[in-house]
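Written below as structure tokens is the structure these notes are about.
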Amino acid sequence: MQYRTFGRLGWQVSEVGYGMWGMGGWTESDDQESMESLRRSVELGCNFFDTALAYGQGHSEQLLGQLLREYPDQKLYLATKIPPRNAQWPSRRGTPLSDVFPYEYIMEMTDISLKNLGVDQIDLMQFHVWEDDWADEQDWQNAVLDLKGQGKVEAFGVSVNRWEPENVLRTLETGYIDAVQVIYNIFDQNPEDTLFPKAEELNIAIIARVPFDEGTLTGTLTKDTTWPKGDWRNTYFVQENLESSVDRAEALRPLMPESMDMPEMAMRFILANPTVSTVIPGMRKVRNVERNIAASDGKALPGDLMNQLREHRWDRTPTYWSQ
Ligand SMILES: NC(=O)c1ccc[n+]([C@@H]2O[C@H](COP(=O)([O-])OP(=O)(O)OC[C@H]3O[C@@H](n4cnc5c(N)ncnc54)[C@H](OP(=O)(O)O)[C@@H]3O)[C@@H](O)[C@H]2O)c1
């Protein structure tokens, strides 16, 4: 495992971190298998874990709490998130901050997360949706100052809405935010336009999420793929999205070096960018943990392949199904 500096916080984090949404609530999650996967990741050097109170209403946080107790002598960085009070993902333009992140609510949710995790301090607390229009509002800024002052949170981050990497730029200027979590992968290259240069300028950490485009970039989806009833992916991969996503993933297949599969190519593309502090694939299986962490060997993709992959950039705008 290779390690990178987590922006101005200076933490040394594994460049492959752990995305914990799936194990919290996606169908066919198995706690025992999830715990084995988490343990394996620690054995292989992973030390950065991303969860949220919303993932299974605290279940994912509780699994992380269990992991922490099993490795009391190891520094594992935990990042979690405050859900929007109005339960709307993504947030909508024009919604007042008071509907989403009022001061008391931020304090209250943090206490619940601390309890789920079984810790006295959260390393990184993130806002689970964001509107840059809230940048100058006192409520969230005071909550940040007070939670840091009380020692309950070391640092704050924003997890930006899907396909809106720029909806945080003014907020970063306030100085209250040390990390941004953003979708960045072979398709979604737009964080490179303005978010990454701003993060470099201010030395803000970047957490690259959704490295496989929710599954498309694993190369395992077909136009007929469906998920069990109740799985959120049925509502995300509506026919229009599934068909275009599969077509675009298939277009990558001829580029794959013989020794590589699609998930490895997807991981290496992201790791090639030095602005990324850590990439957090969602994983519930030991096999996936081992394969994804194996991509952290310091070996870059060949330059010509990187250039070819750049041409597969896919700029998307939020729509009714994109969540
Ligand atoms: N708004 C937000 O803040 C937000 C939104 C989305 C995601 N996130 C964070 O980002 C993390 C990653 O995103 P994600 O989990 O939604 O999507 P993702 O990482 O793009 O894809 C996860 C899917 O890829 C599969 N997978 C992982 N490694 C694989 C491999 N080597 N080969 C084949 N399949 C593989 C997983 O399978 P298994 O699960 O079966 O192992 C899972 O089905 C989340 O877990 C969460 O922590 C945050």
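Below, each value reflects all heavy atoms present in this structure, side chains not excepted, and no hydrogens, waters or symmetry copies. Just so it is clear, the model here is predicted, and its values are computed rather than measured.
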Please determine whether the number of non-hydrogen atoms from other residues, nucleotides or ligands lying under 6.0 Å from atom CZ of R92 exceeds 12. no

Distance, nearest 0.5 Å, that separates CH2 of W163 from CZ of R316: 4.5 Å

Honestly curious: do I186 and F237 fall in one hydrophobic cluster under the side-chain, below-4.5 Å linking rule? no

For residues 283-320, which residue pairs pass the ring-ring contact (aromatic ring centres under 6.0 Å, His included) check, not counting sequence neighbours? F187-W314

Decide if atom CD of Q32 counts as having more than 12 heavy atoms of other residues, nucleotides or ligands within a radius under 6.0 Å. no

Positive for side chain to side chain contact (heavy atoms under 4.5 Å, CB included) with L124, one of I207, V13, D50, V153: I207

Is the centre of the W21 ring less than 6.0 Å from the centre of the W26 ring? yes

Do S244 side-chain atoms and E240 backbone N/O form a donor-acceptor pair below 3.5 Å? yes

Do D178 side-chain atoms and L9 backbone N/O form a donor-acceptor pair below 3.5 Å? no

With no hydrogens and no angle check, is any side-chain donor or acceptor of Y176 less than 3.5 Å from a backbone partner on A135? no

For D132 and L169, indicate whether the former's side chain and the latter's backbone hold a donor-acceptor pair under 3.5 Å. yes

Take D315 and R313 through the salt bridge (Lys or Arg N to Asp or Glu O under 4.0 Å) test and state the conclusion after the steps. CA-CA 6 Å; D315 286 336; R313 172 173 168 151; 2.9 Å; yes

Can you tell me if S60 uses its side chain to pair, donor with acceptor, with the backbone of G56 under 3.5 Å? no

The reported gap from CD in E104 to CG in D139 (rounded to nearest 0.5 angstrom) is 9.0 Å

Looking at R4 and V276, would you say the former's side chain and the latter's main chain have a donor-acceptor pair under 3.5 Å? yes

Working to the nearest 0.5 Å, report the span between CZ of R268 and CG of L309. 12.5 Å

Do I293 and M1 come within less than 4.5 Å of each other through their side chains, counting heavy atoms only? yes

Using 0.5 Å steps for rounding, measure from the CZ atom of F49 to the OG atom of S41. 3.5 Å

Check: N234 main-chain N/O paired with D231 side-chain donor or acceptor under 3.5 Å: no

Hydrophobic clustering (ILVMFWY, side-chain heavy atoms < 4.5 Å, transitive) - are V158 and L147 grouped together? yes

Please check: side-chain N/O of S296 versus main-chain N/O of E15, any donor-acceptor pairing under 3.5 Å? no

Any chance NZ of K115 has more than 12 other-residue heavy atoms, nucleotides or ligands included, within less than 6.0 Å? no

Are any side-chain N or O atoms of N116 and backbone N or O atoms of Q62, one a donor and one an acceptor, separated by less than 3.5 Å? no

Grouping ILVMFWY residues whenever side-chain heavy atoms fall under 4.5 Å, the cluster of I183 otherwise contains V210

Heavy-atom donor-acceptor pair, T5 side chain to G10 backbone, under 3.5 Å: no

